[in-house]
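This report concerns only the one structure given below.
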Amino acid sequence: MSRKPIVAGNWKMHKNTNEGINFASSVQNKLLKVGNVTVIYAPPFTGLFQLKVSPPYHKSAQNCHWEEKGAFTGETSVSMIKACGAEYVIVGHSERRQYFGETDELVNKKISAIISSDLDPIFCIGETLSQRESGETASVLKKQICDGLNNIESLSSIIIAYEPVWAIGTGLTADAEQIEKAHSHIVNVVSELYKKINVRVLYGGSVNSNNADQLIKIPKVDGFLIGGASLDVESFSSIVQIVEDNEEKK
Ligand code: PEP
């Protein structure tokens, strides 16, 4: 896996199939040349198949079930996701943890299933405000990583999205020092688990076109996972362009 930065748009429960297709084509028309960034769209399941993309654009699911098939009403397996042409699956998003009871144990099962199918998890972790205020950020992140990757013996690359829960959809972003410290810690924890591993750490939490330039320059930030600002053509295109330009200057 390359070290190209990633800009991923998590559309959550927004955009029907046609809206998603129109959005992606508008972004593509705006961004005539994207060579240094991997752009990922994570539409709702209903739009995953029909959204046609080619590199540098890719598709991700927002969730998956860990079993291959079975009596799990309303669920979607990784092989079904793969058959839609998606290459990534977001897993462990704080909204899934908060509203749908996604525990570290379930995250672990999902990551195993995703890796077994040769897709890439976008593994979300992050502390709540009270955990940060009580000085638990490092231990919370470590536990989420170790439990999420439990029994996954060999891994050559992983994408982790550091998303402080208090910064998601709130307009608050972590500051540069908090982000650099968290990302370094994540890289260290993962590197202790796997000797030779390519870890990319995305930042997520109220990224927008006004703060993206500052955020992408923070050491150890390998791109973004974006919610709100990924829904708007102007904002999303402008963030991709900022990351592209930043990478070109390196
Ligand atoms: C997210 O949901 O992953 C996210 C980062 O949302 P927002 O950009 O809206 O804070």
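All figures in this text were calculated on a predicted structure; none of them were measured in a lab. Just follow the structure's listing: the first ligand is 1, and inside any ligand the first atom is 1. Counting begins at 1 with the first residue of the sequence. All heavy atoms count here, side chains included; hydrogens, waters and symmetry mates do not.
The distance from ligand 1 to the heavy atoms of Lys12 drops below 4.0 Å at these ligand atoms: 1 (C), 2 (O), 6 (O). Of all the atoms in ligand 1, the ones that sit under 4.0 Å from a non-hydrogen atom of Gly228 are 7 (P), 8 (O), 9 (O). Those atoms of ligand 1 with a heavy atom of Gly169 less than 4.0 angstrom away are 7 (P), 9 (O), 10 (O).
Nearest protein heavy-atom neighbour of atom 5 (C) of ligand 1: Glu163 OE2, 3.1 Å. The nearest protein atom to atom 1 (C) of ligand 1, hydrogens excluded, is given as His93 NE2, 3.2 Å; this is a heavy-atom distance.
Using a 30° and 60° split on the angle between ring planes, Phe23 and Trp11 fall in the perpendicular class, above 60°.
Counting only non-hydrogen atoms, the option in Ala229, Gly126, Gly227, Ala42 that gets closest to atom 8 (O) of ligand 1 is Gly227.
Leu129 contributes atom CG, which lies 9.5 Å from atom OG of Ser134 (distance to the nearest 0.5 angstrom).
At a 4.0 Å cut-off, at least one heavy atom of Ser206 sits close enough to ligand 1 to count as contact. Ligand 1 is approached by Ala167 to a heavy-atom distance shorter than 4.0 Å.
Taking the ring centre of Phe49 as origin, the terminal cationic atom of Lys52 falls inside the region bounded by 6.0 Å and 45° from the ring axis.
Note on Asp104 versus Arg97: salt bridge recorded, some NZ/NE/NH1/NH2 to OD/OE distance being below 4.0 Å. Between Glu102 and Lys110 there is a salt bridge, since a side-chain N of the basic residue sits under 4.0 Å from a carboxylate O of the acidic one.
Neither the backbone nor the side chain of Ala161 comes within 4.0 Å of ligand 1, counting heavy atoms alone.
Here Tyr41 and Phe236 bring their ring centres to under 6.0 angstrom of each other.
No N or O atom of Leu225 sits closer than 3.5 Å to an N or O atom of ligand 1. The N/O atoms of Gly205, backbone and side chain alike, include none that comes under 3.5 Å of an N/O atom in ligand 1.
Applying the salt bridge (charged side-chain N to carboxylate O under 4.0 Å, His left out) test to pairs two or more places apart or on separate chains, those with a residue in residues 205-214 are Asp213-Lys217.
The closest side-chain heavy-atom distance from Arg96 to His93 is below 4.5 Å.
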